[in-house]
A.B. asks: 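Here it is, the structure in full.
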Amino acid sequence: MDSFIERADKLSHILREMEKSAAEDELFALGYLIPQLTLVAEYVEPQPHFDQCFTDWLEQVFADDKLSINDQKQIMTLWQSAIEKAGQ
């Protein structure tokens, strides 16, 4: 199993690859996700399960950033896709 930082790096790489071939309407969501990964990797105390930690983080910042429900859904869909590509 990847360490907290290794998992963040792996998912960041996957999201950057996804960004290269993303549809135009996915660019906002990917542009939102990628820097959030960096923030979590740098500022959150490492936990056993990075994916769940990051999901919890997203739910909190969605409220803080007042994102629309549609933006939230799209971000979570792309996040889940990245998790699947990275393997559990």
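For reference, positions follow the sequence shown, starting with 1.
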A.B. asks: If I compare all heavy atoms of Val40 with all of Cys53, which pair ends up nearest, and what's the gap?
C.D. replies: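 Answer, listing the atom of Val40 first, then Cys53: CG1-SG, 4.3 Å.
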A.B. asks: Output the distance between atom CG (Leu58) and atom CG (Asp64), rounded to the nearest 0.5 Å.
C.D. replies: 11.5 Å
A.B. asks: Between Gln60 and Asp56, is any side-chain donor less than 3.5 angstrom from a side-chain acceptor?
C.D. replies: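 The answer is no; no qualifying pair exists.
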A.B. asks: Under a 4.0 Å N-O cut-off, is there an ion pair linking Glu19 with Arg16?
C.D. replies: no
A.B. asks: How far does CH2 of Trp79 sit from CD of Gln72, to the nearest 0.5 angstrom?
C.D. replies: 16.0 Å
A.B. asks: Going only through I, L, V, M, F, W and Y residues with side-chain contacts under 4.5 Å, is there a path from Ile5 to Phe54?
C.D. replies: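 Ile5 clusters together with Phe54.
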A.B. asks: If I take atom CD from residue Glu17 and atom CG from residue Leu30, how far apart are they, to the nearest 0.5 angstrom?
C.D. replies: 11.5 Å
A.B. asks: NZ of Lys10 to OG of Ser3: how many Å apart, nearest 0.5 Å?
C.D. replies: 10.5 Å
A.B. asks: Please lay out, stage by stage, how Leu15 and Lys85 fare under the test side-chain contact (heavy atoms from CB on, under 4.5 Å).
C.D. replies: CA-CA 10 Å; Leu15 287 165; Lys85 290 175 189 245; over 6 Å; no
A.B. asks: For Glu26, which residues count as a side chain to side chain donor-acceptor pair (under 3.5 Å) partner, sequence neighbours excluded?
C.D. replies: none
A.B. asks: Give a yes or no on whether the backbone of Gln52 and the side-chain of Gln47 come within a donor-acceptor separation of less than 3.5 Å.
C.D. replies: no
A.B. asks: Under 30°, 30 to 60°, or over 60°: which ring-plane class applies to Phe4 and Phe50, parallel, tilted or perpendicular?
C.D. replies: perpendicular
A.B. asks: Do Tyr32 and Asp65 have side-chain N/O donor and acceptor atoms under 3.5 Å apart?
C.D. replies: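 Asp65 and Tyr32 do have a side-chain donor-acceptor pair below 3.5 Å.
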A.B. asks: Would you call Ile14 and Ile83 a side-chain contact if the rule is heavy atoms closer than 4.5 Å?
C.D. replies: no
A.B. asks: Applying the 4.5 Å side-chain criterion to the ILVMFWY set and letting contacts propagate, would Phe28 and Leu39 be lumped into a single cluster?
C.D. replies: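 Yes.
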A.B. asks: Given side-chain contact (heavy atoms from CB on, under 4.5 Å), test Leu67 with Val61 step by step and report yes or no.
C.D. replies: CA-CA 9 Å; Leu67 290 183; Val61 295; over 6 Å; no
A.B. asks: Nearest heavy-atom pair of Gly87 and Arg7: which atoms, and what distance?
C.D. replies: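 Closest heavy-atom pair between Gly87 and Arg7: O-NH1, 2.8 Å.
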A.B. asks: Checking side-chain contact (heavy atoms from CB on, under 4.5 Å) for the pair Asp51/Leu11: CA distance, chi angles, key distance, verdict?
C.D. replies: CA-CA 9 Å; Asp51 298 359; Leu11 286 159; 3.5 Å; yes
A.B. asks: Would you find a donor on one side and an acceptor on the other, under 3.5 Å apart, between the side chain of Ser12 and the backbone of Ala8?
C.D. replies: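 No: the side chain of Ser12 does not pair with the backbone of Ala8.
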A.B. asks: For Thr77, enumerate each residue passing the side chain to side chain donor-acceptor pair (under 3.5 Å) test, keeping only those at least two apart in sequence or located in another chain.
C.D. replies: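 Thr77: no side chain to side chain donor-acceptor pair (under 3.5 Å) contacts found.
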A.B. asks: Do Leu78 and Ile69 belong together in a cluster built from hydrophobic side chains that touch within less than 4.5 Å?
C.D. replies: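 No, no single cluster joins them.
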A.B. asks: If you apply the rule side-chain contact (heavy atoms from CB on, under 4.5 Å), what do you find for Asp71 with Phe62, and how did you get there?
C.D. replies: CA-CA 9 Å; Asp71 285 341; Phe62 286 166; over 6 Å; no
